[in-house]
Amino acid sequence: MATYLNRTPSGASNRKTWTYSTWVKRSKLGAGSCFFQCGAGTVEFGAYFMANDTLEVYEYDSGSFRFQYKTDQVFRDPSAWYHIVIACDTTQGSAGDRVKIYLNGSQITSFSTATNPSQDQNTSVNSTLPNVIGAFHSLSSGFYLGYMAQTILVDGTALTPSTFGSTNANGIWVPNTSPSVTYGTNGFKLDFAGTGTAANASGFGADSSGNGNHFASNSLGTNPSTTDTCQNNFATLNPLSTSSFTSLSKGILVATGNTSANNGHTLGTMAPSAGKWYWEAKYVTAAGSTASNYPNVGVYPMKFSRQPLNGPNFAEAGYYSDGCEYRPDGSKFRNNSTSGYGTAWSTGDIIGVALDMENYAVYFSRNGTFQDSGDPTSGASKTGAAQSWSAAEGAYAVSCSSYHDSVMQFNFGNPVYTIASGNADANGYGSFEYAPPSGYYALCTKNLALYGG
């Protein structure tokens, strides 16, 4: 069961005029995924991603829709943070002005369904019906799977996106840290900074607006707050570049292989063509006895058009002369051939990857020790590199290949697992078990803007 938050207002307030603003980064595509709902089934407001990855916003009452909007646009980028604003003011004389939906600062105007509310229509928002963030009202389906940041309800005012976000110097739409708004009676501001499950000021669902409209948190799990935010977006695995995995879960950072004899492969969402980069992966579960060399971790060259060699979408990185993988038996796999390289892995081991796109080399570590006496800081000499090449091959992405039900947990600076120590890169970004080598950085948008080519 995924995390969700819930609260039931003690009294109704302005049900005709309000604004809802949230930032989301999806990690599950192709399934109904609700990020905000007020109601109990027969009467409800809802905002969710449909199974075809479009967005639906609606008010439903006793068998009919009081208003309903389904976008033509799809939301299928698992690497992107989306800022969604829903501004409602049913007192407006023009029907088209009563509900406005915005994406990253711009109004959405193209819909497959667009049913406007009648004038002065009451909604379920700001009523005494249950409010749920991250699931359908039943609390048993429609779970939102992904990341969420700065989520705000303004009670009594219909606002534009510029209240909540602005364009930074790099042309990126980012949140305003302290929006200047009057929250109203049932308004709230959720920053998801706490860790507790109770509806109080220290909880994960704490309201920082000053209203004290705290939400209770359910199925919270560990590490609920992340360093991956709309202000600094970290890499994840990519569900759009995947074959034969049972699942990519927990913010697309956990790769679980399938139970058949087919290999599963996936890539990362960020592929730098310059700079030096570091990430880690925790070895959780081995594959079956017939596949002791899975799961493996490597780097995948993106320059050339890759034809499937094993699996319906793409092959393992190690099938190519310019790709490379480190396997649990201690070998490396490249150019469709294995050779001795380092120490075999054990359950709980953390594999580090240092990708040098300045000197064209990749290094692998086990529990902080780089294998084959590797030195990622050796520069052009490429001492102990698992693979090196003499000229730039274009962009490279993280790769993971699996077999049976083997499991790896990835950390691009935003760990899904608990770590004993927190080592950031030299810019202060990320949290790793082991310190990144000097000159190497976490795969995040702020670092990519500086070094990523």
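Remember, predicted model here, so these are calculated numbers, not experimental data. Values below: all heavy atoms of this structure, side chains included; hydrogens, waters and symmetry mates excluded.
Ion pairing between Asp228 and Lys25 holds under the 4.0 Å rule for side-chain N and carboxylate O.
For Trp345 and Phe364, the ring centers are positioned 6.0 Å apart or more. The aromatic ring centres of Tyr451 and Tyr441 sit less than 6.0 Å apart. Two rings, from Phe412 and Phe234, have their centers 6.0 Å or more apart. Aromatic ring centroids of Tyr396 and Trp389 lie under 6.0 Å apart. With ring centers used as reference points, Tyr144 lies 6.0 Å or more from Phe36. Residues Tyr82 and Phe75 bring their aromatic ring centres within 6.0 Å.
Side chain to side chain, Thr269 and Asn238 fail the donor-acceptor criterion of an N or O pair below 3.5 Å. For the residue pair Asn131 and Asn6, no side-chain donor N or O sits within less than 3.5 Å of a side-chain acceptor on the partner. Counting only N and O atoms by type, the side chains of Thr197 and Ser217 include no donor and acceptor under 3.5 Å apart. A donor and an acceptor atom, one from each side chain of Thr54 and Asn52, are located under 3.5 Å apart. Side-chain contact, Asp72 with Ser110: a donor N or O sits under 3.5 Å from an acceptor N or O. Using a 3.5 Å distance cut-off with no hydrogens or angles, the side chains of Glu325 and Ser401 do pair a donor with an acceptor. Checking Ser21 against Gln150 by side-chain atom types alone, no donor-acceptor pair falls below 3.5 Å.
For Asn411, the side-chain contact (heavy atoms from CB on, under 4.5 Å) partners at least two apart in sequence or on another chain are Glu280, Pro415, Tyr417, Phe432. Residues passing the ring pair (Phe, Tyr, Trp, His ring centres under 6.0 Å) test with Tyr341, sequence neighbours excluded: Tyr326. Every residue two or more places apart in sequence or in another chain was checked for a salt bridge (Lys or Arg N to Asp or Glu O under 4.0 Å) with Lys332, and none qualifies.
The side-chain contact (heavy atoms from CB on, under 4.5 Å) test with Phe45 is passed by exactly one of Tyr20, Phe67, Tyr58: Phe67.
Using cut-offs of 30° and 60° for the angle between ring planes, the Trp173 and His83 rings count as parallel.
Counting only distance, with no hydrogens or angles, the side chain of Asp207 and the backbone of Phe215 share no donor-acceptor pair below 3.5 Å. A distance-only check finds a donor-acceptor pair linking the side chain of Thr227 to the backbone of Gly413 [under 3.5 Å]. Formation of a donor-acceptor pair under 3.5 Å by the Ser27 side chain with backbone atoms of Gly146 is found in this model. Judged by distance alone, the side chain of Asn427 and the main-chain N or O of Tyr429 form no donor-acceptor pair under 3.5 Å. For the pair Asp375 (side chain) and Thr383 (backbone), a donor-acceptor distance under 3.5 Å is absent. Using modelled atom types, no side-chain atom of Asn232 and backbone atom of Thr229 make a donor-acceptor pair closer than 3.5 Å. Proximity of a side-chain donor or acceptor of Ser208 to a complementary backbone N or O of Lys189 within less than 3.5 Å is detected. A donor-acceptor pair is defined here as one N or O able to donate and one able to accept, closer than 3.5 Å; no such pair exists between the side chain of Asp191 and the backbone of Ala193. Between the side chain of Ser421 and the backbone N or O of Glu433 there is at least one donor-acceptor pair closer than 3.5 Å. Not one N or O on the side chain of Tyr4 forms a donor-acceptor pair closer than 3.5 Å with the backbone of Phe136.
In this structure, Ser431 and Ile419 have side chains that are in contact, with non-hydrogen atoms separated by less than 4.5 Å. For the pair Lys282 and Met408, the minimum side-chain heavy-atom distance is 4.5 Å or more. Using a 4.5 Å heavy-atom threshold, the side chains of Gln73 and Leu103 count as touching. Under the 4.5 Å side-chain criterion, counting only non-hydrogen atoms from C-beta, Phe410 is not in contact with Ile252. Contact of the Val125 side chain with the Glu59 side chain is not registered, since no non-hydrogen atoms from C-beta on lie closer than 4.5 Å. Here the side chains of Leu448 and Leu443 are in contact, with some heavy-atom distance below 4.5 Å. The shortest side-chain heavy-atom distance between Asn423 and Pro436 falls under the 4.5 Å cut-off. In this structure the side chain of Val297 reaches within 4.5 angstrom of the side chain of Val353, judged on heavy atoms.
Residue Asn359 comes nearest to Ala380 through the heavy atom pair OD1-N, 3.5 Å, listed as atom of the first residue, atom of the second, then distance.
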task: For Glu56 and Tyr48, run side chain to side chain donor-acceptor pair (under 3.5 Å): C-alpha distance rounded to whole Å, both residues' side-chain angles, the deciding distance at 0.1 Å, then the answer.
output: CA-CA 6 Å; Glu56 181 177 13; Tyr48 78 111; 3.0 Å; yes
Query raised in the report: Between Ser337 and Asn335, does a side chain to side chain donor-acceptor pair (under 3.5 Å) hold up when you go through it step by step?
Result: CA-CA 5 Å; Ser337 178; Asn335 203 21; over 6 Å; no
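At most 12 heavy atoms of other shown residues, nucleotides or ligands fall within 6.0 angstrom of atom NZ in Lys28.
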